[in-house]
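Note that the structure is predicted; figures quoted are calculated from it, not measured.
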Amino acid sequence: EMTDIFTGLYLGDALNEVSPLDAVALYEQFSELIPTGDTGDKIVERLADRLADVDLLGRASNLLSYQLNHRIDGIDAYNVAVKLAAIYLLDAKPAEALKTLDIAQTKYEQLPEDMKTIDKVQDMTLLRARALSRNGRPDQGIKLLENLNTNPSTNRLRADIAWTAGYWDDAAAALGDVIADQNISLTRPLSDDHATLIMHRAISLNLATDRIGLANMREKFSDAMAQTDKARIFEVITR
């Protein structure tokens with residue numbers, strides 16, 4: 001009965017009502033109640049997710065790292081490795097994320113052919129590109145993204161990496177793609193997010209000294225931006 005109650009707590013909605021620290025304390029104090037096999041693995045992953053949601057990233061990564069190194073294999077190991085790499089990135093540990101992505105790549109290569117999908121490759125590549133950029137190698141991160149099909153996620157990440165690194169030509173090009181992905185309507189007031197996105201591209205074009213690009217931005221968006229709180233600075237940057 002205690003095992004059933006323990007399992008129900010960690011796999012049910014009741015976990016959301018327990019504080020993360022209490023959830024960890026219960027897990028550690030009554031670890032003998034953790035079921036073996038898949039159910040026990042799901043409990044650990046659910047607890048790690050709960051900890052990550054409230055920024056207890058170190059505790060979450062410790063749980064998943066133990067799972068990856070000692071308990072699981074196959075597709076479960078791949079999934080946990082990818083999740084662990086993402087948590088390391090959130091915890092500002094890009095070097096650890098890169099090591100974990102190497103493990104994820106190894107687990108992926110060991111999967112049956114029918115489990116090897118483009119989505120999995122893209123997930124690993126996006127994480128690796130972000131990890132490289134945060135580990136002081138933004139040029140390698142951008143180059144890695146060139147091998148992916150163009151899509152909103154890729155464009156957004158390419159823009160983020162280039163903006164952070166100060167690669168203004170690349171940032172302007174990527175932000176242009178992001179703006180196109182957003183399909184911004186100029187017949188309605190701009191949202192704050194869209195206005196900020198347009199401002200970022202204008203700044204990138206300015207710093208890249210792309211006067212033609214600035215002129216085109218001014219012509220296309222000046223009326224819409226004039227209705228926002230960024231009107232004055234947009235006018236100055238694109239002048």
Side-chain angles (χ1 to χ4, degrees), residues 6-7 10-12 15 20 23-24 27-28 31 33-158 160-161:
F6 185 89
T7 301
Y10 285 95
L11 295 184
L15 183 62
V24 171
Y27 173 85
E28 293 176 346
S31 58
L33 297 178
I34 302 172
T36 58
D38 292 342
T39 302
D41 295 336
K42 288 178 182 176
I43 286 175
V44 176
E45 290 185 41
R46 181 83 191 282
L47 177 58
D49 288 341
R50 180 81 172 97
L51 294 173
D53 287 342
V54 293
D55 290 335
L56 293 172
L57 301 173
R59 301 296 291 270
S61 61
N62 288 340
L63 285 173
L64 293 180
S65 180
Y66 181 85
Q67 289 291 100
L68 185 60
N69 292 327
H70 300 288
R71 286 181 60 102
I72 56 178
D73 206 351
I75 186 63
D76 291 334
Y78 164 80
N79 289 331
V80 166
V82 170
K83 182 181 293 186
L84 179 56
I87 290 175
Y88 278 137
L89 279 175
L90 290 173
D91 202 19
K93 295 179 178 178
E96 294 298 323
L98 288 169
K99 293 177 184 177
T100 306
L101 286 168
D102 288 340
I103 296 174
Q105 181 66 43
T106 299
K107 299 297 182 183
Y108 174 83
E109 292 170 357
Q110 294 171 352
L111 294 176
E113 289 300 321
D114 61 336
M115 289 188 177
K116 295 179 180 178
T117 64
I118 295 296
D119 288 343
K120 290 185 177 67
V121 173
Q122 176 155 312
D123 288 344
M124 288 189 292
T125 304
L126 290 174
L127 285 170
R128 189 178 292 278
R130 188 175 291 281
L132 285 169
S133 70
R134 293 183 179 178
N135 203 38
R137 292 175 281 173
D139 51 336
Q140 293 183 29
I142 291 174
K143 186 172 181 60
L144 201 60
L145 295 177
E146 294 174 356
N147 299 323
L148 291 182
N149 293 330
T150 300
N151 59 59
S153 296
T154 305
N155 292 337
R156 175 69 74 171
L157 179 54
R158 187 160 50 92
D160 288 346
I161 292 174

State whether the side chain of Arg137 and the backbone N or O of Leu132 hold a donor-acceptor pair below 3.5 Å, judged by distance alone. no
Check whether more than 12 heavy atoms from other residues, nucleotides or ligands sit under 6.0 Å from atom CG of Asn69, and answer yes or no. yes
Does Asn135 reach the main-chain N or O of Ala131 with its side chain, forming a donor-acceptor pair under 3.5 Å? no
Quick one: does any side-chain atom of Lys93 pair with a main-chain N or O of Ala85 as donor and acceptor, under 3.5 Å? no
Got Thr117 and Val121 here, is their nearest side-chain heavy-atom distance under 4.5 Å? no
Asp102 vs Arg128, test: salt bridge (Lys or Arg N to Asp or Glu O under 4.0 Å). Steps then yes/no. CA-CA 9 Å; Asp102 288 340; Arg128 189 178 292 278; 3.1 Å; yes
Does any non-hydrogen side-chain atom of Asn151 lie less than 4.5 Å from one of Asn155? no
What pair of heavy atoms forms the shortest contact from Ala23 to Leu15, and how long is it? CB-CD1, 4.0 Å
Counterpart residues, side-chain contact (heavy atoms from CB on, under 4.5 Å), relative to Lys99 (two or more places apart): Glu96
Residue list, ring-ring contact (aromatic ring centres under 6.0 Å, His included) with Tyr10, at least two apart or on another chain: Phe6
Rounded to the nearest 0.5 angstrom, the CD-CD distance for Gln105 and Gln110 is 10.5 Å
I'd like to check Ser61 versus Tyr88 (side-chain heavy atoms, cut-off strictly below 4.5 Å). Are they in contact? yes
Look up atom CG in Leu33 and atom OG1 in Thr7, then write down how far apart they are to the nearest 0.5 Å. 8.0 Å
Report yes if some heavy atom in the side chain of Leu56 is under 4.5 Å from a heavy atom in the side chain of Arg50; otherwise report no. no
Taking Leu89's backbone N and O only, do any of them form a donor-acceptor pair with Arg134's side chain (distance below 3.5 Å, no angle check)? yes
Once you round to the nearest 0.5 Å, how far does CD1 of Ile87 lie from CG of Leu64? 5.0 Å
Donor-acceptor under 3.5 Å (Arg46 side chain, Gly12 main chain): yes
So among Leu68, Val80, Leu84, which one has a side-chain contact (heavy atoms from CB on, under 4.5 Å) with Ile103? Leu68
Contact summary for Tyr108 and Lys116, nearest pair of heavy atoms: OH-CB, 3.1 Å
What's the verdict on side-chain contact (heavy atoms from CB on, under 4.5 Å) for Glu28 and Val24, showing C-alpha distance, side-chain angles and the deciding distance? CA-CA 6 Å; Glu28 293 176 346; Val24 171; 3.5 Å; yes
Side chains of Leu126 and Leu145: closer than 4.5 Å at any heavy-atom pair? yes
What's the separation between atom OG in Ser133 and atom CG in Asp139, rounded to the nearest 0.5 Å? 10.5 Å
Which heavy atom in Ala77 sits nearest to a heavy atom in Ile72, and how many Å separate them? CA-CD1, 3.8 Å
Enclosure of Lys42 NZ (heavy-atom neighbours >12, cutoff 6.0 Å): no
Gap separating the OG1 atom of Thr125 from the CG atom of Leu148, nearest 0.5 angstrom: 4.5 Å
Heavy-atom pair of closest approach, residues Ala48 and Ala60: O-CB, 3.5 Å
Of all heavy-atom pairs between Ile161 and Ala129, which one has the smallest distance, and what is that distance? CD1-O, 3.7 Å
Are Asp49 and Lys83 packed together at the side-chain level, in the sense that at least one heavy-atom pair is separated by less than 4.5 angstrom? yes
With side chains defined as the heavy atoms from C-beta onward, is the minimum distance between Tyr66 and Val44 less than 4.5 Å? no
Under 4.0 Å between a side-chain nitrogen and a carboxylate oxygen: does that hold for Arg71 and Asp76? no
Note, Leu127 side chain near Val82 side chain (heavy atom, < 4.5 Å): yes
